[in-house]
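Input: a single structure, listed below in structure tokens.
Order of appearance sets the numbers: ligands from 1, and atoms from 1 within every ligand.
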Amino acid sequence: MKERGLSGLILKASVVITLFIPLLASHATYAQSAPPILLGTAWYPEQWPESRWEADLTLMQQAGIHMVRVAEFAWSRMEPAEGQYDLDWLDRAITAAGKHGIYTVVGTPSAAPPAWLTQKYPETLRIDEEGHRAEHGNRQHFDFANAKYRELARKMAEQMAKRFGHNPYVLGWQIDNEYANESFNPDTHEQFHEWLKARYGTLDNLNARWTTAYWSQTYSDWSQIPIETRYGNPGLLLSWKRFVSDTWRSYQKNQLDVIRANCDPKQFITTNTMGWFDGYDHYTVEQDLDIAAWDDYVGHGHLDPAGNGAAHDLTRGFKRKNFWVMETQPGFVNWHSVNNSLDKGEVRAMAWHAVGHGADAVSYWQWRSALNGQEQYHGTLLGADGNPVPLYSEVQQIGREFEKAGPALAGTSVKSEVAILHSYDSRWAINWQRHNHDYDPVKEIVSYYAPLRAIAQSIDVIAPTAPLAQYKLVVAPGLNVLSDAAAKNLMDYVRGGGHLVLGQRSAMKDDDNALQKERQPGPLAELLGGRVEQYYALDNPVPLEGKWGTSHSKLWAELLSTQAKDVEVLERYGASNGWLDGQPAAITRQVGKGRITYIGAWLDDDAMKSAAKWMTDISGVKPALGPVPDGVEVYPRYGGTHAVYILVNLSKAEQTTSLPSPMRDVLGGGTKNSVTLPVYGVTVVEKKR
Ligand code: GLA
């Protein structure tokens, strides 16, 4: 009865909404014909009667949606009792979507094991750090290291892969959903001991590398080694995180291998990550995947182009190629302190901001809220009544624009002259011992990223062991833990003619989170011709003066010294605690055709802008497009013979930007010498290279 009522409303809705028929063929033929830039949504057909699907898919098609992600929480529907699989309904849903020109990404449901499973195998339930075993009723309640759980998850994934691995409407696979919670079950602890044995070989070696003579921590049996996540020995803390990362990798591989064995190689395999989330080392886990994908939520407030843009670039850096936004908010979320909506136009601006940073898909979570369940207040594209909410028409505009810009953006990717190095080891190490409670390593990264991006208009965020030769400038803010391999990579880069800038707190620790035996920057000190004599957490701002103007360091100050004669002092501290007065705060040295710079202070915004200008000038970095007004973001993507520039106005007023040469207006048509953008306005221009 209820459903009939809903269908009636839907019919009414389709009369009032602007009818939009996608330009592409409405009947999919094969996955490879999917549009280059995809608009998508998370769809949960299992929550609705099949009689409703057609109405949903029609509304999706009318919005220009060409992708649905399905099934990632539908285990109880796909395997209602152990070994009894039912995938017919999902097959019908995928086929029905395909008939509307909508491709599918299939999610494996291991983030939400069914009640029969946890009841029959309670050992698969996760035990948290306080020793509490999870109960059924939420999600992510499994022990990620448990062999039985892995066996059951693998069988489920295998059934799905056998069924859909060659389905022409299936573009790819998402394994699980937002890996997050490690377990502290006895089996996990045992596996940690095995992991330690494999890494350290002998207890003597482990005891030496962790300096366990400290506080009588010396271990004489592997089973004595505890799990610590916050206040333990730094070597133990880092080992646990690396074990967790390797365990997520093997957890993922358990499903990935069986999917790969049963699917068409054209189908990709990914998982959805969470931006800056640091529960595990994403470089470890991502190496087995085909593409990176993340869930981009603003939560409270509005789009922060630097923080969010850096998170896009971080995700792009996992595979060093284009990525997907697998989930993003249709206006607002339900899980923050204030779940305000993005402004009218901001969702569209945010979608283009994502594409500009290299996203090839933007997918809204979720299509329509379940009538019950934990997330009733979350933003959606349809209301509970099955009709479009006000935001639907904005998403429909995005759909139209993605289709229009698709041919120009097809095959393009982001290329940058500047790279920022990011390492989970370093973030963890600093967070465990911040020394100044306001010292946030992500904020440190963004403090460098924001002014550099404003100048260069494109930045890569990559691991310290990634290839660097292509960059004119490589900046490592807070690269606190420096492995031998990373040190070699950086030295080779400088000797090869690159400019390396080390930010404060760099190269203090070795690969076991032990202090380096040389003063910072450890193995790079010789190349720098200078070093850190002492570090100071600041309770009062310290004045700074030099090449980058007069400014202050608020949180942190490192007293630098110069050993080599050819080292130039860029900044000095003013009068403060006596120790720092008049001492170097930033130094640089030319090394052959290359250069190495060390910045020991947390520069304020103005000084950071000047520093970014100095870094880019001296390294020959040019803006990708050219000067733009403040608040206008430029996102370049390059193809073999052409460049596409996306411009988004995130300022509070209309802005006009002159283009360096006439360019084709991809969305509006014609050729443009300049573009005028209203608040949240977007333009896409193209030029031959
Ligand atoms: C995450 C999850 C989704 C949903 C959204 C809500 O990203 O993956 O299932 O809960 O949050 O914002």
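- Residues Asp56 and Trp367 have side chains that bring a donor and an acceptor to within less than 3.5 angstrom of each other.
- Closer than 4.0 angstrom to ligand 1 lie heavy atoms from Phe73, Arg139, Asn177, Glu178, Asp295, Tyr297, Glu327, Trp335, Trp365, Glu375, His378.
- Ring orientation note: the planes of Trp43 and Trp53 are nearly perpendicular, at an angle over 60° on the 30°/60° scale.
- Here Glu129 pairs with nothing under the salt bridge (Lys or Arg N to Asp or Glu O under 4.0 Å) rule; sequence neighbours left out.
- Taking the six-membered ring where the residue is Trp, Tyr297 and Trp335 present perpendicular rings, their angle passing 60° and hence far from 30°.
- Residues passing the salt bridge (Lys or Arg N to Asp or Glu O under 4.0 Å) test with Arg316 are Asp313, Asp460, sequence neighbours excluded.
- Not a single salt bridge (Lys or Arg N to Asp or Glu O under 4.0 Å) links Arg150 to another residue, sequence neighbours left out.
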